[in-house]
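First up is the structure itself, then whatever we jot down about it.
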There are 2 protein chains.
Amino acid sequence: MTIGQLAEATGVPASAIRFWERHGLLPVPERRSGQRRYAPEAAERIVVLRTYQQAGLTLEEIREFQRDQPHRQAMIRAKITEIEQRTVDLRHATQLLEHALQCGEEDIVTCPRFRDTMARW
Amino acid sequence: MTIGQLAEATGVPASAIRFWERHGLLPVPERRSGQRRYAPEAAERIVVLRTYQQAGLTLEEIREFQRDQPHRQAMIRAKITEIEQRTVDLRHATQLLEHALQCGEEDIVTCPRFRDTMARW
DNA sequence: GTTCAACTTGAACTAAGGTTCAAGTCAAAC
DNA sequence: GTTTGACTTGAACCTTAGTTCAAGTTGAAC
């Protein structure tokens with residue numbers, strides 16, 4: 001598999017794959033006449049990393065994560081807690097947006113329902 | 001209220017408040033001898049904006065949002081859908097992290113539970 | 001033996017969302 | 001009348017996560 005095929009297979013651009021490799025998120029692949037060659041399993045790793053990233057982990061965190069560190073368990077637990085908080089944030093924003101849909105013509109902030117809703121947080 | 005007091009009250013740094021004002025997210029406040037003076041209601045607006053931001057809206061989107069636009073309802077609905085997708089991403093990452101907690105010693109990607117879990121998405 | 005697509009590199013550039021800095025102003029306290 | 005603390009400005013800087021570019025190589029196809 002070349003980098004282009006891997007990009008195609010995962011939906012992650014080749015430029016990003018090189019970037020991740022340079023920054024230590026991906027193992028250095030075999031080369032044939034200068035070009036990177038990947039085993040099919042490489043795609044799985046990329047997709048997993050992308051999933052972590054979509055959840056808001058930074059590349060730095062994902063990198064740390066792959067090293068079998070002493071603090072790894074604690075890090076993971078902390079991250080889960082953080083994600084729970086972000087889920088709450090998303091729920092709050094959805095509530096604001098739904099109010100905003102209803103108080104259509106008003107300033108999105110002065111709507112009295114906002115105050116009521118936010119008071120409950 | 002001075003900008004420092006507003007920052008204190010909202011938890012948003014004064015530098016960020018100035019930045020938001022420059023970028024059209026906040027109304028231009030009154031000045032007394034050159035300094036910005038805010039009504040107490042200003043704090044509420046700041047907290048609402050921050051909540052939107054924590055949900056992943058860009059400042060540009062938040063700015064658009066405050067102008068009573070023709071497409072506003074559609075924008076809001078699109079945003080709600082986007083947030084739902086992001087909630088799903090968070091749930092996936094939580095699942096990966098929980099597996100990672102259990103397959104403690106292994107490479108976080110080669111754990112077979114990953115493949116099973118991700119196959120269900 | 002040339003053309004072509006896909007790859008290679010390092011360096012520069014982008015975008016968002018701020019923060020930090022230098023240099024200065026202002027009002028109140030002492 | 002000077003010290004203090006909080007404010008003012010524009011400009012420069014920062015981080016994250018890449019993308020884009022120029023210049024070059026490679027193998028396969030024609």
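Note: hydrogens, waters and symmetry copies are ignored here, and every other heavy atom, side chains too, is used. In what follows, chains carry the letters A, B, and so on, assigned in the order in which the sequence lines appear, proteins first and then strands, with residues in each chain numbered from 1.
The phosphate of D/dA17 (OP1 or OP2) has no side-chain N or O of A/Trp20 nearer than 4.0 angstrom. The side chain of B/Thr2 contributes an N or O atom lying less than 4.0 Å from OP1 or OP2 of D/dC7. In this structure, B/Arg18 does not reach the C/dG17 phosphate: none of its side-chain N or O atoms is under 4.0 Å from OP1 or OP2. In this model, the phosphate group of D/dT9 is approached by a side-chain N or O of B/Arg36 to a distance below 4.0 Å at OP1 or OP2. Look at A/Gln53 and you won't find any side-chain N or O under 4.0 angstrom from OP1 or OP2 of D/dT16. A close approach under 4.0 Å does not occur between any side-chain nitrogen or oxygen of A/Arg22 and OP1 or OP2 of C/dA11.
Taking only side-chain atoms of A/Arg31, from C-beta outward, the nucleotide of C/dG18, C/dT19, C/dT8 with the closest atom is C/dT8. If you check D/dC7, D/dT19, C/dT19 against the side chain of B/Ile3, the one that comes closest is D/dC7.
A donor and an acceptor atom, one from each side chain of A/Arg50 and A/Gln53, are located under 3.5 Å apart. A donor-acceptor pair shorter than 3.5 Å cannot be found between the side chains of B/Arg120 and B/Gln95.
Note on A/Arg36 versus A/Glu30: no salt bridge recorded, every NZ/NE/NH1/NH2 to OD/OE distance being 4.0 Å or above.
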### Task
Begin from the C-alpha positions of A/Gln66 and A/Arg45 and carry the test side chain to side chain donor-acceptor pair (under 3.5 Å) through to its verdict.
CA-CA 11 Å; A/Gln66 292 188 75; A/Arg45 181 168 301 271; 2.8 Å; yes
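Heavy-atom neighbours of A/Glu8 CD from other residues, nucleotides or ligands within 6.0 Å: at or below the threshold of 12.
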With 3.5 Å as the limit, what N/O pairs link the protein to nucleotides 27-30 of chain D?
from, atom 1, to, atom 2, distance (Å)
D/dG27, OP1, A/Ser33, OG, 3.3

